[in-house]
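Order of the sequence lines fixes the chain letters, A, B, ..., with proteins taken first and strands second; residue numbering starts at 1 for each chain.
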Amino acid sequence: MPELPDVETFRRYLGSTALHKTVEAVLALDEDLLEDVDGRTARRILTGVSLDEARRHGKRLFVCIGDRGWLVLHFGMTGELAYYRDGEPPAHTRLLLAVDDGYHLAFTNQRKFGSVSMADDVESYVARHDLGPDALEMEWPEFREALEGRRGAVKSTLMDQSILAGVGNVYADETCFQAHVRPDTKLRRLDTDRRRSVYRVMRRVLTTAIDRQADPDALPRTWLIGHRHEGDACPRCGGSVARTEVGGRSTYYCPDCQPAE
DNA sequence: ACGGATGTTATTAA
DNA sequence: ATTAATAACATCCG
């Protein structure tokens, strides 16, 4: 689930909940997900901090903790945030912060593909993890240059976090669908106009998804999302959705709306 | 019961 | 040297 629009939704959620609160205690910390620091250090760093600012780069959420740097949350395939007052923590809570209004902020991660880490600043984290520019921060010329010389499939390139950060499997398929490009099309087969079309569609897909809070039920019915099953009716032409693999990932597309090059 | 699953990364291949 | 493809990671769901 958590691709750029989902993480942006988490960022805004954090902004209306725990942001500007003070962490009174770290109630749980799953060290399996911790990177860069050990558990004892992380607890010490986080206790007593105020959550000053929330930023996003690609699929990562950065929370500024004053002069102690940044808390970095990576959601992996199954991460979520939950803010609640009473009761048990949600299932698979990996980090649980008690804040000074009596609420709790839980970071859950069912499949442990996510991570919790600390960074001195956003830029150093981004560099250390070899992340490209955020997909929504890229202007067309930067996007065009980033794709220059690429030979792989258009979908694989969109998903390559070192080229641009934020697009995952689902939104890569959605972008290809709305751009009428088959996901396995080699980039060298796309001229500048087609690349610009992919760029514009990608932006529209991501911003629209953010507007709908990345809620699959709130996304337009004309989108491929919600029809990610072989044989589903294409929401555009009524044809049959096909499944294949591109770069080892499940890929859905409409053979009629996305003709082979 | 087994195959898949929206993530990244290390390794291998080209 | 770059770039691309593959396997592996942990766990749950259908």
Side-chain angles (χ1 to χ4, degrees), chain A residues 1-10 30-36 56-62 72-81 90-95 107-117 119 125-132 134-135 145-177 183-190 202 205-206 208-210 212-219 223-232 241-253:
Chain A
M1 189 195 207
E3 302 183 30
L4 187 154
D6 310 272
V7 179
E8 177 61 20
T9 301
F10 292 142
D30 183 339
E31 300 198 27
D32 288 356
L33 275 71
L34 212 52
E35 52 180 39
D36 305 327
R56 182 190 56 71
H57 184 102
K59 302 171 187 171
R60 259 91 163 180
L61 182 60
F62 297 82
V72 189
L73 298 179
H74 171 230
F75 294 84
M77 301 214 303
T78 54
E80 290 184 65
L81 288 182
H92 313 296
T93 292
R94 308 295 177 189
L95 175 64
F107 170 68
T108 68
N109 216 252
Q110 179 186 88
R111 254 163 278 169
K112 292 192 176 183
F113 274 22
S115 66
V116 174
S117 57
Y125 181 96
V126 166
R128 183 150 40 87
H129 289 265
D130 192 27
L131 297 176
D134 184 80
E145 282 161 30
L147 268 50
E148 210 80 37
R150 293 277 152 188
R151 310 190 301 270
V154 57
K155 171 178 177 177
S156 306
T157 305
L158 290 174
M159 285 180 64
D160 188 331
Q161 303 301 300
S162 70
I163 298 173
L164 68 164
V167 177
N169 199 35
V170 168
Y171 287 101
D173 277 1
E174 190 65 48
T175 296
C176 291
F177 174 70
D184 62 354
T185 306
K186 293 286 188 281
L187 215 45
R188 61 190 350 162
R189 305 294 300 274
L190 295 182
M202 176 190 78
V205 163
L206 295 175
T208 302
I210 290 170
R212 314 289 174 96
Q213 297 172 87
D215 175 0
D217 295 328
L219 295 173
W223 284 24
L224 182 64
I225 276 188
H227 307 274
R228 297 177 63 77
H229 296 285
E230 201 163 15
D232 277 4
V241 169
R243 179 191 186 279
T244 184
E245 277 198 5
V246 176
R249 317 298 307 206
S250 288
T251 299
Y252 297 89
Y253 68 101

With sequence neighbours left out, write down each residue that passes ring-ring contact (aromatic ring centres under 6.0 Å, His included) with [X], or none if nothing qualifies.
X: A/Phe113; result: none
X: A/His129; result: A/Tyr125
X: A/Tyr252; result: none

ask   = Can you name the residues that form a side-chain hydrogen bond (donor to acceptor under 3.5 Å, both in side chains) with A/Asp184, not counting sequence neighbours?
value =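 Not a single residue meets the side-chain hydrogen bond (donor to acceptor under 3.5 Å, both in side chains) criterion with A/Asp184.
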
Which residues share a salt bridge (charged side-chain N to carboxylate O under 4.0 Å, His left out) with [X], sequence neighbours left out:
X: A/Glu174; answer: none
X: A/Asp32; answer: A/Lys112
X: A/Arg128; answer: A/Asp36
X: A/Arg94; answer: A/Asp30

ask   = About how many Å separate CG of A/Leu4 and NE2 of A/His57, when rounded to the nearest 0.5 Å?
value =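 Rounded to the nearest 0.5 Å, the NE2-CG separation comes to 9.5 Å.
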
Approximate separation, where rounding is to 0.5 Å, of A/Phe107 CZ and A/Glu80 CD =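 One finds 10.5 Å between CZ of A/Phe107 and CD of A/Glu80.
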
ask   = Just by protein heavy atoms under 4.0 Å, how would nucleotides 8-14 of chain C read 5' to 3' in B, S and -?
value = -BBBS--

task = Starting at the 5' end of nucleotides 9-14 of chain B, put B wherever the base has a protein heavy atom under 4.0 Å, S where only the sugar-phosphate does, and a dash everywhere else.
result = S-----

Can you check the [X] [atom1] to [N] [atom2] distance for me, whole Å?
X: A/Leu61; N: B/dG7; atom1: CG; atom2: C1'; result: 16 Å
X: A/Arg188; N: C/dT3; atom1: CZ; atom2: C1'; result: 11 Å
X: A/Leu187; N: C/dA4; atom1: CG; atom2: P; result: 9 Å
X: A/His227; N: B/dT6; atom1: NE2; atom2: P; result: 17 Å
X: A/Asn169; N: B/dA5; atom1: CG; atom2: P; result: 8 Å
X: A/Met159; N: C/dA4; atom1: CE; atom2: C1'; result: 14 Å
X: A/Ile163; N: C/dA4; atom1: CD1; atom2: C1'; result: 10 Å
X: A/Leu4; N: B/dT6; atom1: CG; atom2: C1'; result: 13 Å

ask   = Is the count of non-hydrogen atoms from other residues, nucleotides or ligands lying under 6.0 Å from A/Gln213 atom CD greater than 12?
value =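 Not more than 12 within 6.0 Å, no.
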
message = What contact category does A/Gly152 fall into here, base, sugar-phosphate, or nothing, at under 4.0 angstrom with non-hydrogen atoms?
response =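 If one applies the 4.0 Å heavy-atom cut-off, A/Gly152 turns out to touch the sugar-phosphate alone, with no base involved.
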
query = When you match A/Lys59 and A/Glu245 each to their closest nucleotide on DNA chain B, which lands nearer the 5' end?
reply =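 Residue closer to the 5' terminus by nearest nucleotide: A/Glu245.
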
Acceptor/donor pairs from residues 147-155 of chain A side chains to any protein atom, 3.5 angstrom cut, sequence neighbours excluded:
| from | atom 1 | to | atom 2 | distance (Å) |
| --- | --- | --- | --- | --- |
| A/Lys155 | NZ | A/Asn169 | OD1 | 2.5 |
| A/Lys155 | NZ | A/Asp173 | OD1 | 2.9 |
| A/Lys155 | NZ | A/Ser250 | O | 3.2 |
| A/Lys155 | NZ | A/Thr251 | OG1 | 2.8 |

task = Write down the distance separating the C1' atoms in C/dC12 and B/dT9, rounded off to the nearest Å.
result =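 Going atom to atom, C1' in each nucleotide, I get 22 Å.
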
message = Expected output check: what is the dot-bracket annotation of DNA chain B, where ( ) and [ ] are pairs inside the strand (brackets for crossing ones), | is paired with another strand, and pairs are Watson-Crick or G-U under 3.5 Å?
response = .||||.||||||||

inquiry  = Tell me whether the side-chain N/O atoms of A/Ser250 come closer than 4.0 Å to OP1 or OP2 in B/dA5.
reply    =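 Looking at the OP1 and OP2 atoms of B/dA5, one of them is under 4.0 Å from a side-chain N or O of A/Ser250.
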
